[in-house]
Amino acid sequence: MIPVMLNVAMIILALAMLACLFRLLKGPTRSDRVAALDTIGIHVLAMITVFSMLLDTQDFIEVILVIGILTFIGTTALARYIERGAVIEDGGNPNDR
């Protein structure tokens, strides 16, 4: 019963990821695209977690952590780029600090 439920969860996550991919490609604004990209990263994490549960192993925990950190850093960098136009500032204007 549990493997069937986990397979259904994988299918639902895959469909949700396709919906986010559509929003990523057709999003009217850049912030919609950033949100869709972040959601795709979360879905990847969830799919790896469900896959790990299907295989009954804990070998993917490091992969899940690395993808989570990279998703957070990428979303933060994209949001900063949208807000300020640059990810890393040169520090020339003291009012920006």
Side-chain angles (χ1 to χ4, degrees):
M1 182 70 180
I2 297 294
V4 173
M5 291 173 57
L6 291 174
N7 284 326
V8 169
M10 289 284 275
I11 292 169
I12 291 171
L13 286 168
L15 292 174
M17 194 181 303
L18 284 175
C20 289
L21 184 64
F22 175 76
R23 178 55 54 202
L24 180 68
L25 297 175
K26 296 287 186 176
T29 63
R30 288 186 286 183
S31 60
D32 288 336
R33 290 186 171 112
V34 170
L37 190 62
D38 185 45
T39 308
I40 287 173
I42 292 169
H43 284 112
V44 168
L45 286 173
M47 287 183 84
I48 293 172
T49 304
V50 171
F51 186 68
S52 176
M53 291 169 65
L54 274 170
L55 295 180
D56 195 24
T57 183
Q58 295 180 357
D59 293 339
F60 297 110
I61 291 177
E62 293 88 5
V63 175
I64 293 168
L65 289 173
V66 168
I67 291 174
I69 291 169
L70 289 175
T71 301
F72 173 74
I73 291 172
T75 303
T76 305
L78 283 171
R80 187 174 178 119
Y81 177 74
I82 288 173
E83 179 184 322
R84 298 188 180 176
V87 177
I88 300 174
E89 297 175 359
D90 60 0
N93 190 355
N95 294 330
D96 289 340
R97 294 182 191 153

Without placing hydrogens or testing angles, list every side-chain donor-acceptor pair under 3.5 Å for residues 8-30, not counting sequence neighbours.
unit_1 : atom_1 : unit_2 : atom_2 : d
Thr29  : OG1    : Ser31  : OG     : 3.2
Thr29  : OG1    : Asp32  : N      : 3.3
Thr29  : OG1    : Asp32  : OD2    : 3.1

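Counting side-chain heavy-atom gaps under 4.5 Å among Ile, Leu, Val, Met, Phe, Trp and Tyr, the cluster of Ile73 also holds Ile69, Phe72.
Counting heavy atoms of neighbouring residues, nucleotides and ligands inside a 6.0 Å radius, atom CE of Met47 exceeds 12 of them.
With hydrophobic clusters built from ILVMFWY side chains whose heavy atoms lie under 4.5 angstrom apart, Leu55 shares a cluster with Val50. One hydrophobic cluster, built from ILVMFWY side chains closer than 4.5 Å, holds both Phe51 and Ile40. Under the 4.5 Å side-chain contact rule for hydrophobic residues, Leu54 and Ile2 share a cluster.
Residues passing the side chain to side chain donor-acceptor pair (under 3.5 Å) test with Asp59, sequence neighbours excluded: Thr57. For Ile48, the side-chain contact (heavy atoms from CB on, under 4.5 Å) test picks out Val44, Phe60, Val63, Ile64, Ile67, with sequence neighbours left out. Partners of Thr75 according to the side chain to side chain donor-acceptor pair (under 3.5 Å) rule, which considers only residues two or more places apart in sequence or in another chain, are Asp38.
For residues 62-83, the salt bridge (charged side-chain N to carboxylate O under 4.0 Å, His left out) pairs, not counting sequence neighbours, are Arg80-Glu89.
Going from atom NE2 of His43 over to atom OG1 of Thr49 covers 12.0 Å, rounded to the nearest 0.5 Å.
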